[in-house]
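Any value given below was found using the heavy atoms of this structure, including those in side chains, with hydrogens, waters and symmetry copies removed. Start at 1 and go down the list; that is how both ligands and their atoms are numbered.
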Amino acid sequence: MTLPQTTQSEVSPDIIDLALGHPGPELLPLELLRDAAARRLGQGDRSFLQYGYEQGDIRFRTRLARFLSSRYAAEVGPEELFVSAGASQALDLICSLFTRPGDRVFVEEPSYFLALRIFADHGLRVAGLPTDRHGLVPEALAERLRRSRPAMLYTVPAHQNPTGATLSEARRAQVLSLCREHGVLLVADEVYHLLSFSGASPPPLGASALGGGVLSLGSFSKILAPGLRLGWVQGPPELLGRLAGCGFLDSGGGLAPFSSALAESLLEQGTQEAHLDRLRRTYAARSRAMAASIEKELGGAVQTEPPLGGFFFWVRLKGAADADKLLPAARAGGVTFVPGSRFSTCGAQEDCLRLSFSYYDEERIAEGVARLAAAVPAARPR
Ligand SMILES: Cc1ncc(COP(=O)(O)O)c(C=O)c1O
């Protein structure tokens, strides 16, 4: 009998699935959450079982604000935070409230492919902007803004999905100032910001949110557990007020009272801090292992830049090889990845692929890259 599927992606033991941008199962902190739940459920307070306050529980937002203030090295106040059911849900809500079908959205080329699906659900027209190893190119944004004004700019400024690139501090200032000058809403998807290996990345765009025109998305999916469906939006109170005041929340109340109560308990105990540091060390080691295997197994055949955080390597195949053609051969050899074309706004990036190092340990990563290397000749033009 085949059991019904219980998670978004079922992983076959025969395949090393380097497409998976998920934490490995051993990184999902069952014991920490069990203790947090026991503590919170034992307090005799039933408020988190009630319809929640639309902006999110104030005790949770206060703890989250403290946590972010220390991690961002910039003051974050609870009034600048709105509790979401994850970054995807927040992005969907922002599209509902700040755009109309037919509007244009500027994104990076390549961009997070599942955000592109959310934009499609809202009937938005996506325009890709050039990027390089330092992220979005501000001159290209300036040039495009002279020709048209989008409803928003969507960017993943730290450890981008898929390229791993991080927008430099100087470029952040330029992008921010261009959006403000042209009155364009800047939606910064900063879900990987806290996963810098060294801890030293440029200040998040969320830190500039109070100046206006910026909504920054964060998520416990990347620092605790995706199943909690818990995230936040950082922004100026007038924009957050529009999110909190929408009909959806008027009917259903705040988005995640139960999971935010659990996360609050972890933040209170300091265990979220410790868990995040463990994740950063683990992902840094996995990223080093992937870099070493790529160098050893694929050295001359690809070009890549190891990321400084997050989950992904963006690998360019040399010699006009095609990642879509590589995929079936790789699968037959026991490894998968996401072909670059999936992230493109214009049918490009076919010579690229995204490899994730978040799910497997160093040994499996090395084996996965070796399997991939064995399949690469199949992708070369004949
Ligand atoms: C850039 C980016 N945004 C959002 C998400 C999804 O976040 P959440 O689980 O909070 O909806 C992901 C997950 O892969 C991502 O890579």
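- Looking at Gln89 next to ligand 1, no N or O pair under 3.5 Å apart turns up.
- Ring geometry for Tyr72 versus His193: interplanar angle over 60°, hence perpendicular rather than tilted (30 to 60°).
- For atom 5 (C) of ligand 1, the nearest protein heavy atom (residue, atom name, distance) is Tyr112 OH, 3.5 Å.
- Taking any N or O of Ala87, backbone or side chain, at least one lies under 3.5 Å from an N or O belonging to ligand 1.
- Neither the backbone nor the side chain of Gln160 comes within 4.0 Å of ligand 1, counting heavy atoms alone.
- Remark: distances from the non-hydrogen atoms of His22 to ligand 1 are all 4.0 Å or more.
- The protein non-hydrogen atom at the shortest distance from atom 1 (C) of ligand 1 is Asp189 OD2, 3.4 Å.
- If you check the side chains of Glu190 and Gln234, you find no donor sitting under 3.5 Å from an acceptor.
- Taking every heavy atom of Val191 and a limit of under 4.0 angstrom, the matching atoms of ligand 1 come to 1 (C), 2 (C), 3 (N), 15 (C).
- Near Asn161, meaning under 4.0 Å from any of its heavy atoms, are these atoms of ligand 1: 15 (C), 16 (O).
- Atom numbering of ligand 1 starts at 1 in the shown order; those under 4.0 Å from a heavy atom of Ser221 are 8 (P), 9 (O), 10 (O).
- Centroid-to-centroid, the aromatic rings of Phe357 and Phe311 stay 6.0 Å apart or farther.
- In terms of polar-atom proximity, Ser88 is counted as a contact of ligand 1, with an N or O under 3.5 Å from an N or O of the ligand.
- Here the CG atom belonging to Leu230 is positioned 11.0 Å from the CD atom belonging to Glu264, to the nearest 0.5 angstrom.
- In this structure, Asp132 pairs ionically with Arg171, as a charged nitrogen and a carboxylate oxygen lie closer than 4.0 Å.
- Heavy-atom contacts of Lys222 reach the following atoms of ligand 1: 12 (C), 13 (C), 14 (O) (cutoff under 4.0 Å).
- At least one heavy atom of Tyr192 sits under 4.0 Å from some atom of ligand 1.
- The distance from ligand 1 to the heavy atoms of Gly86 drops below 4.0 Å at these ligand atoms: 10 (O), 11 (O).
- Of the residues Phe312, Tyr112, Phe113, Phe337, the one that meets the ring pair (Phe, Tyr, Trp, His ring centres under 6.0 Å) test with Phe343 is Phe113.
- Applying side-chain hydrogen bond (donor to acceptor under 3.5 Å, both in side chains) to Ser265 and the options Gln272, Arg39, Arg40 leaves one that passes, Arg39.
- Here Leu194 contributes atom CG and Arg71 contributes atom CZ; the two are 7.0 Å apart, rounded to the nearest 0.5 Å.
- In this structure, Val214 belongs to a hydrophobic cluster whose other members, linked by side-chain heavy atoms under 4.5 Å apart, are Phe106, Leu129, Leu136, Leu141, Leu145, Leu153, Leu167, Val175, Leu176, Leu178, Val184, Leu186, Leu205.
- Under a 4.0 Å criterion applied to the non-hydrogen atoms of Ser219, ligand 1 contributes the atoms 8 (P), 10 (O).
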